[in-house]
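Take a look at the structure set out below.
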Amino acid sequence: MDRIVIHGGKPLKGEVRVSGSKNATLPIMVSALLAETPSIIKNVPKLRDIDTMAHLLRYVGAEVEQKGDTLIIDPRGFERWKAPYDMVRKMRASIYVLGPMIARLHRAQVAMPGGCVIGHRPIDIHLRGIQALGAKVSMEYGDVVATAQELKGAEVSLEGPYGSSVGATCNMMMAAALAKGTTVLRSAACEPEVVDLANFLNAMNARITGAGTPTITIEGVDSLQGTSYNVIPDRIEAGTFLTAVAITRGDAIVRGCRAEHLEAVITKLREIGVSLEILDDGIRVFVQGELRPVSIRTMPYPGFPTDMQAQFTALLSLVKGESIVKETVFPERFMHCAELRRMQADISVSAGSAIIRGVEKLRGAYVMASDLRASASLVVAGLAAEGKTEILRVYHIDRGYERIEEKLQQLGADIYRYDPAKMHKKNSASK
Ligand code: EPZ
């Protein structure tokens, strides 16, 4: 299994380009199943989660062809209404197939995703939504089974215990696009990835208005046609690079990102004392002088993203004074803190908050990646730590960051990847 090794302490300099958004591409790929003809999706990042989704789409009968950063999805063979546990357990976003299955095949059997390392992740809002459109839902051997001869538009609230749900909003837009009549989604998620999905669906002739606001209206249509579409840039990858440059006190340009998708992140970085210049095609980030501790509260968009919490926790561990990070979206999402402590960060976690007392130095260590953003935070910390950091289980990072070590090398980082098993074989062979 690959590991990433970083010799920290070098200020990052130069330019890096962000890839297309993982969390926008995943629902867009699935919604290509709603059409009667093929779609071409461009600016798709090369990631494990995208491969997993392509595998699932092929399993249900679609043809998926990948050429560089372009995917061609032909939905004409889509006829299988089952998504087995073996596929769903690898990636929770597999639950997105529920919407297109019930809308086009009138039946769906999707394994219930289990818990995951960032906490309890139920799907009750998704199910409440499709039931409101007229589907009958039951549970069989751990699978969600849904049937509906015809979906009918309805008014549905997507409010959950921690705000709205991105996944349920996407699933409902897909299901309602082909329902009879009008659907109104209240307390809908406002994330840019939701807007991107709505734009893609509209390009396929859906009739969706209000995406990006808490009320989305969908006028059902009889059929959708494939289209050609460019996915938005990944705001979380961009935010991760901004944090990485800031923690190393570097000076670099993150190209291809959209500042308007990063407002909460930019505001917090400025509050910390990081300098940012918004350019036509990106953001310049640099540090002059002392950084200051802050309080952060994660919230649904346009609030501070939970997917940036771990990277900011790493950054704040080197900022003098006491910072507080409250996680309100996934209150148990603090697995990275124990690993950051191995690097001599001073962090305590209680009741959904991390209290971070800035230290003078982080020191390199062996650390274990537990999930995607937790592993990103270990990379961010490793870039600034004294000495060598070796990150195990980096397959987590490959789920969401395209060629992260190459991109960071472009910024001058001393980072590489290796597989100890292969090194061992090579050494044994040369004996
Ligand atoms: C999406 O997950 C993202 N994943 C996550 O990114 C991101 O952290 C999350 O939104 C929040 O922004 C993808 O887009 C593939 P939610 P999703 O439904 O849709 C609760 C990453 O690192 N909830 O918006 O699964 C839920 O438990 C990943 O890239 C219910 O209670 O998240 C959470 O507390 C990790 N019932 C809150 O809502 C439901 O039916 C928000 O979850 C659904 C969700």
Side-chain angles (χ1 to χ4, degrees), residues 19-31 45 47-50 52-53 56 88 90-99 110 112-132 137 144 156-174 185 187-197 214 231-232 234-240 261 264-265 298-311 327-333 335-336 352 369-377 396-402:
S19 301
S21 160
K22 165 182 85 83
N23 288 346
T25 305
L26 291 170
I28 285 175
M29 284 173 77
V30 177
S31 67
L47 299 171
R48 258 173 41 121
D49 274 12
I50 302 298
T52 307
M53 186 59 90
L56 176 56
V88 176
K90 287 194 188 131
M91 189 181 61
R92 293 185 54 88
S94 310
I95 191 68
Y96 283 141
V97 293
L98 189 62
V110 180
M112 174 98 176
C116 89
V117 76
I118 68 175
H120 180 50
R121 296 180 72 184
I123 56 162
D124 55 308
I125 309 175
H126 300 242
L127 302 185
R128 201 170 74 207
I130 58 161
Q131 275 172 316
V137 175
V144 174
V156 188
S157 166
L158 300 177
E159 181 74 37
Y162 304 109
S164 188
S165 159
V166 175
T169 306
C170 291
N171 236 332
M172 287 304 292
M173 286 198 298
M174 291 191 264
L185 304 180
S187 299
C190 301
E191 271 69 2
E193 295 76 18
V194 169
V195 177
D196 214 31
L197 173 64
V231 175
I232 53 168
D234 197 309
R235 64 191 168 104
I236 305 300
E237 187 197 16
T240 304
H261 292 167
V265 169
T298 64
M299 299 282 280
Y301 193 85
F304 186 89
T306 171
D307 290 347
M308 283 303 302
Q309 180 260 108
Q311 301 89 314
E327 175 58 76
T328 75
V329 180
F330 294 111
E332 295 160 46
R333 195 178 198 178
M335 296 287 281
H336 46 286
S370 55
D371 71 79
L372 173 55
R373 307 304 169 188
S375 36
S377 82
H396 287 294
I397 210 160
D398 295 333
R399 291 187 58 177
Y401 291 88
E402 186 174 51

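In listed order, ligands and their atoms are each counted from 1. Just the heavy atoms: all of them, side chains too, but no hydrogens, waters or symmetry mates, feed the values below.
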> Counting each atom of ligand 1 from 1 as listed, which ones have a heavy atom of Arg121 under 4.0 Å away?
Replying inline: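 Those of ligand 1 that fall under 4.0 Å from Arg121 are 2 (O), 17 (P), 25 (O), 27 (O).
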> Numbering the atoms of ligand 1 from 1, which are under 4.0 Å from a heavy atom of Val329?
Replying inline: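 Under 4.0 Å from Val329, ligand 1 has these atoms: 33 (C), 34 (O), 41 (C).
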Does only the side chain of [X] get under 4.0 Å from ligand 1, or the backbone, or both, or neither? Count heavy atoms.
| X | value |
| --- | --- |
| Leu372 | side chain |
| Arg333 | side chain |
| Asp307 | side chain |
| Thr306 | side chain |

Look only at the side chain of [X] and the backbone of [Y], and say whether a donor-acceptor pair between them is shorter than 3.5 Å.
| X | Y | answer |
| --- | --- | --- |
| Arg92 | Arg121 | yes |
| Thr306 | Val329 | no |
| Arg235 | Ser21 | no |

> Between Ile236 and Lys22, is any pair of side-chain heavy atoms under 4.5 Å apart?
Replying inline: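 Of all side-chain heavy-atom pairs linking Lys22 with Ile236, none is under 4.5 Å.
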>> Within the structure provided, determine whether Leu127 and Val144 are in side-chain contact (heavy-atom separation under 4.5 Å).
In response: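 Side-chain contact under 4.5 Å: yes.
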> Are any of the N/O atoms in Gly163 less than 3.5 Å from those in ligand 1?
Replying inline: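 For ligand 1, there is no N or O atom that lies under 3.5 Å from one belonging to Gly163.
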> Does Arg92, backbone or side chain, put an N or O under 3.5 Å from an N or O of ligand 1?
Replying inline: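 Arg92 vs ligand 1: no N/O contact under 3.5 Å.
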> Should Ala168 be listed as contacting ligand 1, given a heavy-atom distance under 4.0 Å as the test?
Replying inline: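 For ligand 1, residue contact (heavy atoms, under 4.0 Å) with Ala168 is absent.
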> For atom 18 (O) of ligand 1, which candidate among Ser165, Pro305, Cys170 holds the nearest heavy atom?
Replying inline: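 Heavy atom nearest to atom 18 (O) of ligand 1 belongs to Ser165.
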>> Would you compute the distance between atom CE of Met91 and atom CG of Asp49 and round it to the nearest 0.5 angstrom?
In response: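 Those atoms lie 5.5 Å apart.
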